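Could you have a look at this structure, given as structure tokens, before my questions?
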Protein chains: 2
Amino acid sequence: MIRLAIADDHTMFVDGIESILQEESDLQVMGRCFDGQEVIDFLKDHTIDVLLLDVNLPKLNGIEVCEKVVATYPNIKILAISMFNEESYVTEILNKGALGYILKNTGRKELVKAIHTVHGGQSYFSKEVTQTIMKGLMKQRLHQEQKAKFFPKISKREKQVLRLIIEEHTTQEIADKLFISLKTVESHRSSLLGKMNARNTAGLVRIALENNMLD
Amino acid sequence: MIRLAIADDHTMFVDGIESILQEESDLQVMGRCFDGQEVIDFLKDHTIDVLLLDVNLPKLNGIEVCEKVVATYPNIKILAISMFNEESYVTEILNKGALGYILKNTGRKELVKAIHTVHGGQSYFSKEVTQTIMKGLMKQRLHQEQKAKFFPKISKREKQVLRLIIEEHTTQEIADKLFISLKTVESHRSSLLGKMNARNTAGLVRIALENNMLD
DNA sequence: CTTAAAACTAGGGGAAACCCCGAATTATTA
DNA sequence: TAATAATTCGGGGTTTCCCCTAGTTTTAAG
């Protein structure tokens with residue numbers, strides 16, 4: 001017998017899931033939660049095996065809930081359920097310890113299968129999600145390769161200066177903040193222009209933002 | 001006996017709804033559609049009384065489907081079901097002839113009640129939806145004013161200048177491209193700084209990119 | 001239709017950014 | 001160890017940017 005809890009803010013959806021799962025003899029829905037905080041509260045008084053967790057929850061979102069549940073109840077397997085096949089959602093919640101990620105356009109058979117798989121400690125993803133993960137990995141590699149080709153090394157100091165430029169600080173203000181000379185900041189600016197192949201401040205900001213260079 | 005069809009692209013949701021409605025003796029689910037085109041095709045061969053219609057559908061969205069169904073089958077009552085309590089969605093689909101609009105966080109009892117109400121030819125809205133409609137009517141002007149305050153209109157000329165700035169062109173180059181004086185471009189720049197609440201070019205570029213202002 | 005608001009145009013003056021040069025000390029790496 | 005890159009600064013000059021004012025034209029509102 002697998003004990004479940006469902007966390008989703010749409011009553012109609014939770015009702016539906018519960019109705020489907022009642023027809024499975026080895027599945028038992030122990031609780032229903034409509035926001036992230038309810039999940040945390042519920043788990044203090046109840047023991048479950050698998051948590052069906054919507055990514056977009058009020059109060060505490062699914063990613064935060066996932067993090068806390070994994071930390072506090074490592075035995076609970078988490079199956080993320082979402083409307084959105086978004087790469088950021090998928091990777092984030094998987095990084096926080098969710099075992100599976102399925103979309104809401106999944107049929108009842110696949111849902112039941114996913115629950116069993118996750119309960120067994122293995123991962124389960126919808127086809128579309130698998131593709132998204134692959135694309136994400138490919139993009140990251142390409143992205144990093146491009147980064148490495150065009151901007152081999154932005155030094156630590158240069159990155160500080162770049163961040164302050166993007167935050168609309170003038171060269172003098174940056175000099176004051178970093179306790180260095182105006183001329184030194186100008187030197188860093190100049191180096192950045194050269195390394196990033198930009199013509200002026202506008203290009204500096206655009207290229208930096210387009211390439212997520214502030215992480 | 002009320003004959004129903006469900007149109008929603010999320011299998012899990014459709015399964016759930018169907019499972020709920022099967023327990024109602026006077027409701028019968030005749031068909032399930034996963035996109036707008038399927039609804040149109042389905043209705044050619046089947047007769048139904050009430051259509052549960054998701055607003056966000058692939059191929060043909062709910063609003064378009066609603067328009068066509070009302071035009072072709074005036075006897076079919078349409079109950080819109082949506083995740084989103086968005087004023088634009090609500091008013092649009094109601095204008096196209098939908099009788100009711102409920103959210104997916106609606107309980108099974110309210111769902112059944114809404115179906116019966118709509119089947120009787122009367123309107124039904126969730127509480128939240130009613131509030132949204134009222135707010136929309138009352139505060140349309142205020143809303144637009146507030147938006148206008150935080151994000152004033154960027155004029156056509158200013159947008160041209162902004163785009164060229166982000167493409168790293170100097171003020172002189174922009175002047176040449178637009179066949180206006182250097183001083184005029186500087187004036188547009190200045191207006192942009194004021195409107196976008198930026199201190200310098202860096203801010204201009206950052207704010208423009210963060211807010212997708214070049215579309 | 002009248003009037004106010006916004007858009008588009010432009011100039012003067014000063015501040016900031018940009019560029020080219022050189023140069024010293026410290027880290028990193030080959 | 002020796003070469004390379006990073007970080008630090010300066011002089012001096014050109015270009016660009018930014019602020020203020022201000023006229024004309026277009027648009028929106030009363």
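Just so you know, these numbers come straight off a predicted model, no measurement behind them. Chain A is the first sequence line, chain B the second, and so forth, proteins listed ahead of strands; every chain is numbered from 1.
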| query | Considering residues at least two apart in sequence or located in another chain, which fulfil the side chain to side chain contact (heavy atoms under 4.5 Å, CB included) criterion with A:Ser181? | reply |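 Applying side chain to side chain contact (heavy atoms under 4.5 Å, CB included) to A:Ser181 gives A:Lys183, A:Thr184.
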| query | Would you say B:Asn197 has more than 12 foreign heavy atoms packed within less than 6.0 Å of its CG? | reply |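 Atom CG in B:Asn197 is not crowded, with 12 or fewer foreign heavy atoms closer than 6.0 Å.
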| query | When the distance from CD1 of B:Ile154 to P of C:dC8 is rounded to whole Å, what number comes out? | reply |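 Rounded to the whole Å, the gap is 11 Å.
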Give me the distances for all protein-to-nucleotides 24-26 of chain D N/O pairs that come in under 3.5 Å?
none

| said: I need the CG-C1' distance between B:Asn197 and D:dC19, as an integer number of Å. | reply: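 Result: 16 Å.
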| said: List the residues meeting salt bridge (charged side-chain N to carboxylate O under 4.0 Å, His left out) with B:Arg199, not counting sequence neighbours, and say none if there are none. | reply: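 Testing B:Arg199 for salt bridge (charged side-chain N to carboxylate O under 4.0 Å, His left out), a comparison that skips the adjacent residues, returns A:Glu173.
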| task | Taking salt bridge (charged side-chain N to carboxylate O under 4.0 Å, His left out) as the test, write out the residues that go with B:Glu38, two or more places apart. | result |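 B:Glu38 satisfies salt bridge (charged side-chain N to carboxylate O under 4.0 Å, His left out) with no other residue.
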| task | Calculate the interatomic distance between B:Phe179 atom CZ and C:dC8 atom C1'; express it in whole Å. | result |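 That distance rounds to 17 Å.
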| Spacing between B:Gln160 atom CD and C:dA7 atom C1', to the nearest angstrom |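 In whole Å, C:dA7 C1' and B:Gln160 CD are 13 Å from each other.
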| said: Taking side chain to side chain contact (heavy atoms under 4.5 Å, CB included) as the definition, give me every residue that meets it alongside B:Gln172, ordered by chain and number, with sequence neighbours left out. | reply: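 Here the qualifying residues are B:Thr170, B:Ala175, B:Asp176, B:Leu182.
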| said: Going by salt bridge (charged side-chain N to carboxylate O under 4.0 Å, His left out), name the residues that satisfy it together with A:Glu167, two or more places apart in sequence or in a different chain. | reply: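 Result, salt bridge (charged side-chain N to carboxylate O under 4.0 Å, His left out) vs A:Glu167: none returned.
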| Expressed in angstrom and rounded to an integer, what is the separation of B:Glu168 atom CD from D:dT16 atom P? |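 Rounded to the whole Å, the gap is 14 Å.
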| field | Worked check of side-chain hydrogen bond (donor to acceptor under 3.5 Å, both in side chains) between B:Arg157 and B:Gln160 | value | CA-CA 5 Å; B:Arg157 205 57 155 171; B:Gln160 292 176 352; 3.0 Å; yes
| request: Write down the distance between CZ (B:Arg157) and C1' (C:dT9), rounded to a whole number of angstrom. | output: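 That distance rounds to 10 Å.
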| Partner residues of B:Phe34 under the ring-ring contact (aromatic ring centres under 6.0 Å, His included) criterion, sequence neighbours left out |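 With neighbours one apart ignored, the set is empty.
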| field | Side-chain N,O (B:Ser155) to OP1/OP2 (C:dA7) below 4.0 Å | value |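 So the side chain of B:Ser155 is outside the cut-off, no N or O lying under 4.0 Å from OP1 or OP2 of C:dA7.
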| Over how many whole Å does the gap from B:Leu178 atom CG to C:dA10 atom P extend? |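 Between P of C:dA10 and CG of B:Leu178: 11 Å.
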| salt bridge (charged side-chain N to carboxylate O under 4.0 Å, His left out): which pairs involve residues 72-81 of chain A, sequence neighbours left out? |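 Qualifying pairs: none.
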Under 3.5 Å, sequence neighbours excluded: what are the donor-acceptor pairs made by side chains of residues 59-69 of chain A?
from: A:Asn61; atom 1: OD1; to: A:Ile63; atom 2: N; distance (Å): 2.9
from: A:Asn61; atom 1: OD1; to: A:Glu64; atom 2: N; distance (Å): 3.0
from: A:Glu64; atom 1: OE1; to: A:Asn61; atom 2: N; distance (Å): 3.0

| said: How would you summarise protein contacts on nucleotides 17-28 of chain C per nucleotide, using B for base, S for sugar-phosphate only and - for none, with heavy-atom distances below 4.0 Å? | reply: SBB---------
| Partners passing salt bridge (charged side-chain N to carboxylate O under 4.0 Å, His left out) against A:Lys156 (at least two apart in sequence or in another chain) |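 By the salt bridge (charged side-chain N to carboxylate O under 4.0 Å, His left out) rule, A:Lys156 matches no residue at all.
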| What is the distance from NE2 of B:His188 to P of D:dT16, rounded to the nearest Å? |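 Going from NE2 in B:His188 over to P in D:dT16 covers 18 Å.
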| Degree of bending, the helix from C:dA4-D:dT27 to C:dA30-D:dT1 (end axes from five pairs; round to 10°) |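 Answer for the end axes of this duplex: 70°.
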| task | Look at all strands and tell whether A:Ser181 reaches a base, only sugar-phosphate, or nothing, counting heavy atoms closer than 4.0 Å. | result |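 It contacts sugar-phosphate atoms only.
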